[in-house]
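As the structure is a prediction and not an experimental result, all values here were calculated from the model.
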Amino acid sequence: QQIIDQAYQKDLTTIVRQVLNQNLELKTAQQNVLIQKEEVKIAKSAYLPRLNAALNSVHTEGDLASFGFGQSPEFMTFGNLSFEQVIFSKKINTNIQIQKSLGKLEQAEVDAQELNLISESIQQYFGILMGKTNLELQLRNLAVTKKNYQIAQQNFEAGLMGKSDVLRFKSEIAQNT
């Protein structure tokens with residue numbers, strides 16, 4: 001009864017909002033969409049320029065350097081700097097398109113889960129409303145039957161009705177209860 005009263009006091013949009021905010025599977029699917037967006041960024045990063053730098057240093061012992069007659073210095077440092085940029089790659093473009101398609105698929109799955117949750121919430125909400133209405137009708141019907149039972153009992157005692165009417169109302173009270 002308390003659960004029915006609580007659900008009856010909330011409006012449908014509040015219930016749907018709560019269901020969508022509290023569903024862990026939906027939150028996981030939404031995170032998968034965000035992860036897939038990052039995968040697209042990673043796929044696009046293959047087109048970003050790359051800069052490579054290397055620095056090497058060699059130290060030759062002072063005595064050994066002097067035996068080289070100037071051909072092997074005591075300290076020698078050399079470096080390398082390279083810049084690469086991919087202009088076009090079918091493989092990279094295909095990977096980007098695949099990642100975008102996977103992102104759309106993930107989003108479609110989230111949308112489908114949301115719609116299923118909304119549908120289930122609406123069905124349950126209306127089921128609760130129908131249950132509450134049926135309960136109220138049964139309670140009213142029970143009150144009317146009890147009143148009719150009292151009237152039938154008084155009429156029987158006054159000799160205006162037979163015992164069958166009193167028993168019929170008593171049976172209806174038992175069924176309604």
Side-chain angles (χ1 to χ4, degrees), residues 1-140:
Q1 178 68 29
Q2 185 180 12
I3 294 172
I4 292 174
D5 286 337
Q6 287 175 354
Y8 192 65
Q9 292 170 357
K10 294 181 181 180
D11 62 83
L12 183 59
T13 55
T14 303
I15 290 174
V16 169
R17 194 174 300 118
Q18 284 179 343
V19 166
L20 292 177
N21 289 336
Q22 295 175 358
N23 188 283
L24 295 178
E25 288 179 18
L26 181 62
K27 286 182 180 183
T28 302
Q30 289 168 340
Q31 288 300 316
N32 288 341
V33 170
L34 296 176
I35 290 170
Q36 196 57 45
K37 285 181 181 179
E38 292 301 316
E39 290 292 331
V40 171
K41 288 180 184 178
I42 290 170
K44 286 181 178 181
S45 72
Y47 275 122
L48 295 176
R50 280 179 254 160
L51 181 64
N52 297 319
L55 184 63
N56 293 320
S57 178
V58 176
H59 173 68
T60 307
E61 185 86 22
D63 294 336
L64 284 172
S66 63
F67 288 123
F69 302 107
Q71 294 299 316
S72 55
E74 189 173 342
F75 292 101
M76 181 170 59
T77 303
F78 51 94
N80 183 13
L81 187 64
S82 65
F83 177 81
E84 294 178 22
Q85 171 72 51
V86 175
I87 304 298
F88 178 79
S89 169
K90 279 187 176 183
K91 186 177 178 181
I92 294 173
N93 286 344
T94 303
N95 188 30
I96 291 171
Q97 291 305 317
I98 289 171
Q99 297 303 325
K100 284 181 180 180
S101 296
L102 289 173
K104 288 178 184 177
L105 176 65
E106 292 285 345
Q107 185 61 51
E109 288 178 9
V110 167
D111 294 343
Q113 279 185 338
E114 284 179 351
L115 291 174
N116 286 339
L117 287 171
I118 290 169
S119 174
E120 289 173 15
S121 299
I122 290 171
Q123 288 175 357
Q124 290 177 4
Y125 180 76
F126 286 127
I128 288 171
L129 289 181
M130 286 174 48
K132 174 74 174 177
T133 303
N134 286 337
L135 178 64
E136 289 174 0
L137 288 174
Q138 288 291 340
L139 290 174
R140 288 181 191 164

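Without hydrogens or angle criteria, Ser45 side chain to Ile42 main chain gives a donor-acceptor distance under 3.5 Å. Proximity of a side-chain donor or acceptor of Asn95 to a complementary backbone N or O of Lys91 within less than 3.5 Å is not detected.
If you take CG on Leu55 and CZ on Phe78, they are separated by 9.0 Å, rounding to the nearest 0.5 Å. Expressed to the nearest 0.5 Å, how far CD1 of Ile128 lies from CG of Leu135 amounts to 13.0 Å. Atom-to-atom distance recorded for Ile35:CD1 and Thr28:OG1 is 9.5 Å, nearest 0.5 angstrom. Gln97 CD to Leu102 CG: the interatomic distance, rounded to the nearest 0.5 Å, is 11.5 Å. To the nearest 0.5 Å, atom CD of residue Gln30 and atom CG of residue Leu20 are 8.5 Å apart. Taken from CD1 in Ile118 to CD in Gln123, the straight-line distance is 12.5 Å, to the nearest 0.5 Å.
Judged as a salt bridge (charged side-chain N to carboxylate O under 4.0 Å, His left out), the pairs with a partner in residues 31-43 (not counting sequence neighbours) are, in order, Glu38-Lys41. Applying the salt bridge (charged side-chain N to carboxylate O under 4.0 Å, His left out) test to pairs two or more places apart or on separate chains, none has a residue in residues 106-117.
Listed by chain and number, the residues in a side chain to side chain contact (heavy atoms under 4.5 Å, CB included) with Leu115 amount to none (sequence neighbours excluded). Listed by chain and number, the residues in a side chain to side chain contact (heavy atoms under 4.5 Å, CB included) with Lys44 are Val40, Ile96, Lys100 (sequence neighbours excluded). Applying the salt bridge (charged side-chain N to carboxylate O under 4.0 Å, His left out) test to Lys90 and every residue at least two apart in sequence or in another chain returns nothing. Under the side chain to side chain donor-acceptor pair (under 3.5 Å) criterion, Asn93 pairs with Tyr47, sequence neighbours left out. Residues forming a side chain to side chain contact (heavy atoms under 4.5 Å, CB included) with Leu51 (at least two apart in sequence, or on another chain): Leu81, Phe83. Residues passing the side chain to side chain contact (heavy atoms under 4.5 Å, CB included) test with Asn52 are Ser82, Glu84, sequence neighbours excluded. Residues satisfying the side chain to side chain donor-acceptor pair (under 3.5 Å) criterion with Asn32, sequence neighbours excluded, are absent altogether. Every residue two or more places apart in sequence or in another chain was checked for a side chain to side chain donor-acceptor pair (under 3.5 Å) with Gln124, and none qualifies. Thr77 meets the side chain to side chain donor-acceptor pair (under 3.5 Å) test with no other residue; sequence neighbours excluded.
At most 12 non-hydrogen atoms from other residues, nucleotides or ligands lie less than 6.0 angstrom from CG of Leu24. Shown here is Gln85, whose CD atom has more than 12 heavy atoms of other residues, nucleotides or ligands within 6.0 Å.
Side chains of Thr14 and Asp11: a donor-acceptor N/O pair is present below 3.5 angstrom, by distance only.
The heavy-atom pair separating Gln113 from Ala29 by the smallest distance is OE1-CB, 3.2 Å. Between Ile92 and Val86, the closest heavy-atom pair is CD1-CG1, 3.9 Å.
In this structure, the side chains of Tyr125 and Ile122 stay at 4.5 Å or more apart for every pair of heavy atoms.
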